[in-house]
There are 2 protein chains.
Amino acid sequence: MTAARSRRKHDDPDLEIFHLLRAVAVEYGLRQAAFAAEHGMHVTDVRALIRLLDAERAGIDATAGFLGAGLGLNSAGTTAVIDRLERLGLVSRVRDVHDRRRVLLKVEDHAKDLGWSYFGPLIDKTVSVLPGFDERETAAVRLFLQTALDALTSQPT
Amino acid sequence: MTAARSRRKHDDPDLEIFHLLRAVAVEYGLRQAAFAAEHGMHVTDVRALIRLLDAERAGIDATAGFLGAGLGLNSAGTTAVIDRLERLGLVSRVRDVHDRRRVLLKVEDHAKDLGWSYFGPLIDKTVSVLPGFDERETAAVRLFLQTALDALTSQPT
DNA sequence: ACGTATTATCTCGCTGAGCGATATTATCGC
DNA sequence: GCGATAATATCGCTCAGCGAGATAATACGT
């Protein structure tokens, strides 16, 4: 394991790109925390909101259990998150008519606006360089990101 | 603000790349949490360790205050983080000889190995596609990441 | 040199997020 | 209907991080 330390040089251009990607990930986390604080929420609440918005976009109806699993929380923690979001008027609990054990989570319009106010400018600025890329360049970006995602999701050796 | 909602279509290819980047950021966070749990640490501890390793690589001598600022913690929280890292034998406190108010944080070799065991495989897999790229493709990836980083670090409109 | 302001870190008490265990309520198979 | 199962909620607890203030070393004006 100590051998790994000398595997790469510090000025390795590949490493530089990796560090760039890592910086993006780190900053993303910081921005999420800042956004949360700015709106009287916690990081978990923001993540929950995003989960819920993603689910809605995917046409999945989100339940408490679904959300808890997505956030890696147990039922107690999940209830607490939903309580907070409900108190902020961002989400409302709706009993499922067909299975009345289930609680469906309805994302309020206000939350959607909040989500867009968070991601909107970020998206615009981030993708602003893409129109200047040709097919191969765009494909390269996509491939690199996909590879990074695979590396992160696959179990380490 | 409601106008933002209709600004982009869901199948916008630009948005797809943004989602890919966002997924990378999210997964990075999850992996960090998993790594932390695996080694009896908290996410903050891992982030602290990375901060310290980065500082060492940059030739900065890390103090408690420096670390706290980097993590967005106040002094009480910072002390707690260092306590935990010290208890795990990953970091040791060394009084600065020239300014004896300061506590320098020395990263133990064990921590460096830990860092490499975390990032090593991730780096290898992530950058594995880069050798197949030509100059323009590599530059495109770099530019895209840099733009994303700028978008994240600049204040939102 | 000397008191005062400043800087760096730590201690104390507290709030609150999230956990484990358990309770409550609803559905399903028999 | 009735136990078994599933979905969510409640209770009590632990511990990360905060605010306020303590401690200790340094800088600085006079």
Side-chain angles (χ1 to χ4, degrees), chain A residues 29-30 32-52 55 60-88 90-106, chain B residues 29-30 32-52 55 60-88 90-106:
Chain A
L30 290 176
Q32 225 176 29
F35 179 82
E38 199 175 325
H39 292 87
M41 307 166 73
H42 300 265
V43 181
T44 303
D45 303 339
V46 177
R47 292 213 309 232
L49 216 49
I50 291 169
R51 267 291 149 170
L52 293 177
I60 301 168
D61 37 273
T63 65
F66 167 84
L67 180 62
L71 297 174
L73 295 180
N74 72 0
S75 67
T78 305
T79 299
V81 173
I82 299 172
D83 283 348
R84 293 197 297 270
L85 291 178
E86 201 172 35
R87 204 178 310 135
L88 289 169
L90 299 173
V91 155
S92 57
R93 285 175 160 94
V94 183
R95 280 279 166 195
D96 189 335
V97 187
H98 298 81
D99 183 344
R100 302 228 333 275
R101 293 169 304 183
R102 307 209 308 167
V103 166
L104 299 179
L105 302 173
K106 183 176 175 302
Chain B
L30 290 177
Q32 226 175 28
F35 179 82
E38 199 175 325
H39 292 87
M41 307 167 72
H42 299 265
V43 180
T44 303
D45 303 340
V46 177
R47 293 211 309 229
L49 214 48
I50 291 169
R51 259 305 142 167
L52 294 177
I60 301 167
D61 37 272
T63 65
F66 166 85
L67 181 62
L71 296 175
L73 294 180
N74 72 359
S75 66
T78 305
T79 299
V81 172
I82 300 172
D83 283 348
R84 292 197 296 270
L85 290 178
E86 201 172 36
R87 204 177 310 134
L88 289 169
L90 299 174
V91 156
S92 57
R93 286 174 160 94
V94 183
R95 279 279 164 195
D96 189 337
V97 186
H98 297 83
D99 183 344
R100 304 225 334 275
R101 291 169 304 180
R102 306 209 309 167
V103 167
L104 300 178
L105 301 173
K106 182 176 175 304

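Numbers restart at 1 for each chain; the letters A, B, ... are given by sequence-line order, proteins then strands.
- With rounding to the nearest 0.5 angstrom, the CG atom of B:D45 is 11.0 Å from the CZ atom of B:F35.
- The distance from atom CG of A:L67 to atom P of D:dA7 is 15 Å, rounded to the nearest whole Å.
- Of the inter-residue distances, the one linking A:T78 atom OG1 with A:L105 atom CG reads 10.0 Å to the nearest 0.5 angstrom.
- Atom P of nucleotide D:dA7 and atom CZ of A:R93 are separated by 16 Å, given to the nearest angstrom.
- Taking a heavy-atom distance under 4.0 Å as the criterion, the stretch of DNA chain C touched by chain B extends 5' to 3' from C:dT7 to C:dC12.
- Classification of B:D96 and B:R101 as a salt-bridged pair fails, no side-chain N sitting under 4.0 Å from a carboxylate O.
- In this structure, the side chains of A:T63 and A:L67 stay at 4.5 Å or more apart for every pair of heavy atoms.
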Would you give a per-nucleotide map of nucleotides 19-27 of chain D, 5' to 3', where B means the base has a protein non-hydrogen atom under 4.0 Å away, S means only the sugar-phosphate does, and - means neither? B-----BS-
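- For B:R93 (side chain) and B:V103 (main-chain N/O), no donor-acceptor pair under 3.5 Å exists by modelled atom type.
- How far CG of B:L52 is from CZ of B:R47: 13.0 Å, rounded to the nearest 0.5 Å.
- Residue B:R84 contributes atom CZ, which lies 13 Å from atom C1' of D:dT14 at whole-angstrom precision.
- With contacts defined as side-chain heavy-atom distances shorter than 4.5 Å, the pair A:Q32/A:I50 qualifies.
- Atom CG in B:L73 sits roughly 18 Å away from atom P in D:dC15 (whole-Å rounding).
- Side-chain contact check for B:R84 versus B:H42: some heavy-atom pair is nearer than 4.5 Å.
- In this model, the phosphate group of D:dA7 is not approached by any side-chain N or O of A:T63 to a distance below 4.0 Å at OP1 or OP2.
- Atoms CG (B:D83) and P (D:dG17) sit 12 Å apart, rounded to a whole Å.
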